[in-house]
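Below is one structure, written out as structure tokens; the observations come after it.
Sequence lines set the chain letters: A, B, ... in the order given, protein chains first and strands last, and positions in each chain run from 1.
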There are 2 protein chains.
Amino acid sequence: MIYDIDVTEELIKNNIKPSYQRLKILSYLAFKRNHPTVEQIFNELVDDIPTLSKTTVYNSLNLFIQAGLVKPLNIEDHETRYDYDTSDHGHFKCIECGTIKDFSLKIDIDNDSMSGYEILEKNVYCKGYCPRCLENKKKI
Amino acid sequence: MIYDIDVTEELIKNNIKPSYQRLKILSYLAFKRNHPTVEQIFNELVDDIPTLSKTTVYNSLNLFIQAGLVKPLNIEDHETRYDYDTSDHGHFKCIECGTIKDFSLKIDIDNDSMSGYEILEKNVYCKGYCPRCLENKKKI
DNA sequence: ATGATAAATGTAACGATTACAAATGTGGAG
DNA sequence: CTCCACATTTGTAATCGTTACATTTATCAT
């Protein structure tokens, strides 16, 4: 499967050489805009790149994170997910079906308690039931 | 070291038998009110309970979480921390010294995008520099 | 072509967590 | 008090995501 989003310039701008693997990985994220795990990325790209290694996926993603092109997501307990959308937004995970959804938000941090601190990064994630799973639960 | 907070009733109320180990672990959390890792909890309690096993620490903490007595914290990438304070609040971690600080907050989630969802749990964590580390950076 | 450098690959190691079986503790019936 | 059933604890081994590292492959200027 080919994801026709050209991210070459994006990589060059950030001093990352646009290798074949890096282009595939980043354009996969840019096209899908889901929040995949390394496992998912690897499994979907290995058809295109039979020699692909998971290490390469890890290496590339860590490069992207350092360059600010991608944000890691720790909504799972022990598996990192990766988000192409680096803007401030929250994530909701359905504890029934596992779907992850973006949502917009406004965080009001009590300034008194945080004066003197320099906040560089905010993360918000919620858990609960999505509408579909709520429906299904009613039926049973 | 003995932490003189009696959490026996708290355990009984939640149908958890107040064994020696469980009492020690929960009262450690209640007394310290820091955000320790399993490693930290184990290291501090093993002096009191020489036969203590890490598995017991994990088992007890997972029991506490299921009962809602303790909240897990995924502010670290790959190591869970545990919080005795289960009320809604945010966590700040200094990326220099690693200190974790609680702060109060108000989250305004855009209701339009989340209508139909049932949100059971909200988590907020921020990263940046604490005042002390900001001071030290200026000096250098 | 050739050689220097960067990137990709595969395997092994690591660290947090869990599975599991054996040992220990607890509490009630006789 | 003793015995037995059951829960808890313990230690070891397994699991799984991630990283370290050495080897192979690709890139690119000379």
Distance test, side-chain N/O of Thr56(A) to OP1/OP2 of dA7(C), below 4.0 Å: no

Side chain to side chain donor-acceptor pair (under 3.5 Å) partners for Lys122(B), two or more places apart: none

Spacing between Asn15(A) atom CG and dA6(C) atom C1', to the nearest angstrom: 14 Å

For atom CZ of Phe42(B) and atom C1' of dT17(C), their distance in whole Å: 15 Å

Whole-Å gap separating P (dA16(C)) and CZ (Arg81(B)): 11 Å

Euclidean distance, atom CG of residue Leu63(A) to atom P of dT18(D) [Å, nearest integer]: 16 Å

Nearest-angstrom distance from the residue atom CG of Asn43(A) to C1' of dG17(D): 14 Å

Spatial distance of atom CZ (Phe42(B)) from atom CG (Asp47(B)) [nearest 0.5 Å]: 9.5 Å

Ile25(A) CD1 to dA8(C) P, straight-line distance once rounded to whole Å: 8 Å

Heavy-atom protein contacts under 4.0 Å, nucleotides 25-30 of chain D, coded B base, S sugar-phosphate only, - none: ------

Partners passing side chain to side chain contact (heavy atoms under 4.5 Å, CB included) against Asn34(A) (at least two apart in sequence or in another chain): Tyr28(A), Lys32(A), Pro36(A), Gln40(A)

Partner residues of Gln66(B) under the side chain to side chain contact (heavy atoms under 4.5 Å, CB included) criterion, sequence neighbours left out: none

Could you go through residues 131-140 of chain A and list every donor-acceptor pair under 3.5 Å that involves a side-chain atom there, pairing it with any protein atom two or more places apart or in another chain?
unit_1: Lys137(A); atom_1: NZ; unit_2: Tyr129(A); atom_2: OH; d: 3.4

Tabulate below the donor-acceptor pairs under 3.5 Å that side-chain atoms of residues 49-60 of chain B make, not counting sequence neighbours, or state none.
unit_1: Ser53(B); atom_1: OG; unit_2: Thr55(B); atom_2: N; d: 3.1
unit_1: Lys54(B); atom_1: NZ; unit_2: Glu39(B); atom_2: OE1; d: 2.8
unit_1: Asn59(B); atom_1: ND2; unit_2: Thr55(B); atom_2: O; d: 3.4
unit_1: Ser60(B); atom_1: OG; unit_2: Thr56(B); atom_2: O; d: 2.8

Under-4.0 Å side-chain N/O to phosphate OP1/OP2 contact, Gln21(A) with dT9(C): yes

Qualifying ring pair (Phe, Tyr, Trp, His ring centres under 6.0 Å) pairs with a residue from residues 89-108 of chain B, counting only residues at least two apart or across chains: Tyr117(A)-Phe92(B), His35(B)-His91(B), His89(B)-His91(B)

Between dT9(D) (P) and Tyr20(B) (OH): distance, integer Å: 12 Å

Qualifying residues under salt bridge (charged side-chain N to carboxylate O under 4.0 Å, His left out), relative to Arg81(A), sequence neighbours excluded: Glu76(A)

Exam field: side chain Arg33(A) to backbone Tyr84(A), donor-acceptor pair closer than 3.5 Å: no

Nearest-neighbour nucleotide for the Thr51(A) side chain, dT9(C), dA7(C), dT9(D) considered: dT9(C)

Contact nearer the 5' end of DNA chain D, comparing Ile16(B) with Pro50(B): Ile16(B)

Touch class at under 4.0 angstrom, heavy-atom based, for Thr37(A) against every strand present: nothing

Side chain of Arg22(A) - closest among dT10(D), dA7(C), dG10(C): dA7(C)

What N/O pairs connect the protein and nucleotides 18-22 of chain C at under 3.5 Å? Give each pair on its own line.
unit_1: dT18(C); atom_1: OP2; unit_2: Asn62(B); atom_2: ND2; d: 3.3

Separation of atom CD in Glu79(A) from atom P in dT17(C), rounded to whole Å: 15 Å

